[in-house]
Visitor: 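Pasting in a structure now, in structure tokens, and then I'll have a few things to ask.
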Amino acid sequence: MKILVCIKQVPETTNIKINPLDNTLMREGISAIINPDDKAGIELALRIKDKREDADVTVITMGPSEGIKALREAIAMGADDGILITDEVFSGGDTYATSLAISEFIKTLEYDLIITGRRAIDGETGQTGPEIAENLGIPQITHCTEFEIEGNKLIAKRQFDDRYHIIEAKMPCLISIIGEKINPRYMTVRGIFDSAKSNSSCEKKDKKKDRIRVLNYDYIKEKIEASKLGLKGSPTFVKEMVQGISGKNGDKLTGLTEEEAAEAIFQKIIERGFI
Ligand SMILES: Cc1cc2nc3c(=O)[nH]c(=O)nc-3n(C[C@H](O)[C@H](O)[C@H](O)COP(=O)(O)OP(=O)(O)OC[C@H]3O[C@@H](n4cnc5c(N)ncnc54)[C@H](O)[C@@H]3O)c2cc1C
């Protein structure tokens with residue numbers, strides 16, 4: 001069983017600065033992490049691998065060359081291999097162009113299940129996973145918190161605010177994961193050594209060593225024109241970006257008894273219109 005997990009590298013902090021010239025993120029000096037929902041997706045894929053000997057987990061990320069670090073982390077957690085899709089042609093893409101590029105690479109791979117996060121914490125559109133499924137013409141179940149596989153059928157719990165649905169889909173299919181209640185496993189010492197030793201190359205000659213493949217536009221150039229990808233191929237763009245004000249100090253109430261404090265908090269809640 002072949003599982004592909006799409007992971008995005010995102011800034012480690014929500015305190016990010018926006019470049020006012022082109023409304024892009026200023027990433028300098030900010031370390032990157034695997035998007036939390038995507039890390040939960042890796043964990044769920046590895047739980048299948050724990051149960052099934054035939055399960056094979058490949059992680060895919062599209063972005064700058066630093067994406068290798070995210071792939072190495074996933075391999076150190078237990079993934080079999082990773083693919084970094086990187087090229088100037090893909091940069092600046094909106095979700096349409098991003099999902100188109102990722103889908104073209106996925107078309108060259110074998111898969112039974114594709115796992116994405118529900119949303120990336122920087123872009124936050126939640127569109128990339130569903131768009132990949134549409135491009136590939138496969139069923140999708142979004143907002144999943146858990147799932148099981150029975151034969152060629154996937155049964156997922158799809159979360160709503162106040163209820164959940166149990167939904168079945170025939171594989172191959174795509175699911176997007178809400179990661180809040182899923183604790184991703186730590187990297188193992190053995191995994192860290194293995195991932196550090198694994199080569200990154202554009203070909204996979206040795207299954208054990210060449211565990212990271214780096215692919216660029218040339219790999220799919222016969223299938224899709226460059227003008228459909230990246231910034232050029234993006235029908236949407238960020239027109240304006242306004243940063244919210246965070247870190248407000250709040251009001252400090254001192255010298256009150258427990259009852260007075262409770263009453264004061266209650267009045268504040270009413271003042272702000274929450275009840
Ligand atoms: C602040 C900000 C605002 C943006 N707003 C918009 C917008 O309004 N409309 C728009 O079209 N684009 C927008 N973008 C561009 C957007 O970041 C890219 O298109 C991005 O690659 C995917 O969109 P997302 O971050 O919203 O991911 P989402 O669609 O939220 O991601 C869902 C899942 O898709 C997978 N995924 C997403 N990106 C990748 C990747 N590069 N490699 C592998 N898997 C991936 C992951 O599993 C992820 O959890 C914005 C970017 C930023 C930084």
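Counting convention: from 1, in listed order, for ligands and their atoms alike.
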Visitor: Check whether any N or O atom of Val238, backbone or side chain, sits under 3.5 Å from an N or O atom of ligand 1, and answer yes or no.
Guide: no
Visitor: Within the 4.0 Å heavy-atom shell around Ile7, which atoms of ligand 1 are there?
Guide: 42 (N), 43 (C), 44 (N)
Visitor: Return yes if some donor-acceptor pair links the side-chain N/O of Thr58 with the main-chain N/O of Gly82 below 3.5 Å, else return no.
Guide: no
Visitor: What atoms of ligand 1 come within less than 4.0 Å of a heavy atom belonging to Thr116?
Guide: 47 (O)
Visitor: Between Asp94, Asp38, Val10, flag the one that comes closest to atom 48 (C) of ligand 1 by a heavy atom.
Guide: Asp38
Visitor: When you look for heavy atoms under 4.0 Å from ligand 1, do you find them on the side chain of Ile60, its backbone, both, or neither?
Guide: backbone
Visitor: Only heavy atoms count here, so choose which of Asp122, Ile102, Ile177 is nearest to atom 1 (C) of ligand 1.
Guide: Asp122
Visitor: Would you say Thr142 and Arg118 are linked by a side-chain donor-acceptor pair, where the criterion is simply a distance under 3.5 Å?
Guide: no
Visitor: For Arg190, give me all partners under salt bridge (charged side-chain N to carboxylate O under 4.0 Å, His left out), at least two apart in sequence or on another chain.
Guide: Asp194
Visitor: Around Lys107, counting heavy atoms of other residues, nucleotides and ligands shown, do more than 12 lie under 6.0 Å from its NZ?
Guide: yes
Visitor: Less than 4.0 angstrom from a charged side-chain N to a carboxylate O is my criterion; do Arg185 and Asp50 meet it?
Guide: yes
Visitor: Using a 4.0 Å cutoff against the non-hydrogen atoms of Cys6, which atoms of ligand 1 qualify?
Guide: 44 (N), 46 (C), 47 (O)
Visitor: So, regarding Asn35 and ligand 1 (criterion: nitrogen or oxygen to nitrogen or oxygen, under 3.5 Å), is there a contact or not?
Guide: yes
Visitor: Quick check: Gln127 and ligand 1, any N/O pair under 3.5 Å apart?
Guide: yes
Visitor: Under 4.0 Å from a heavy atom of Thr125: give me the atoms of ligand 1 that qualify, with their elements.
Guide: 6 (C), 7 (C), 8 (O), 9 (N), 23 (O), 24 (P), 26 (O), 28 (P), 29 (O), 30 (O)
Visitor: Kindly assign one of parallel, tilted or perpendicular to the pair Phe105 and Phe90, based on the angle between their ring planes and the thresholds 30° and 60°.
Guide: perpendicular
Visitor: Given 3.5 Å as the limit, does a donor-acceptor pair link the side chain of Tyr217 with the main chain of Ala226, or not?
Guide: yes
Visitor: May I ask you to check whether Thr128 has an N/O atom sitting below 3.5 Å from an N/O atom of ligand 1?
Guide: yes
Visitor: Please list, in number order, the atoms of ligand 1 under 4.0 Å from a heavy atom of Thr98.
Guide: 18 (C), 19 (O), 21 (O)
Visitor: Would you please test Lys2 and Asp56 for salt bridge (charged side-chain N to carboxylate O under 4.0 Å, His left out) and show each step?
Guide: CA-CA 5 Å; Lys2 190 82 193 133; Asp56 186 88; 2.3 Å; yes
Visitor: Run the numbers for me: atoms of ligand 1, each under 4.0 Å from some heavy atom of Gly93, listed by number.
Guide: 15 (C), 18 (C), 19 (O)
Visitor: Please report whether ligand 1 has a polar contact with Gly117, defined as an N or O pair separated by less than 3.5 Å (distance criterion only).
Guide: yes
Visitor: Taking both backbone and side-chain atoms of Ala120, is any N or O found less than 3.5 Å from an N or O belonging to ligand 1?
Guide: yes
Visitor: Touching ligand 1 at all, Gly126? Heavy atoms, strictly under 4.0 Å?
Guide: yes
Visitor: Would you list the pairs meeting salt bridge (Lys or Arg N to Asp or Glu O under 4.0 Å) in which at least one residue belongs to residues 255-268, sequence neighbours left out?
Guide: Asp251-Lys268
Visitor: Is it true that a side-chain atom of Asn135 and a backbone atom of Ser103 form a donor plus acceptor pair closer than 3.5 Å?
Guide: no
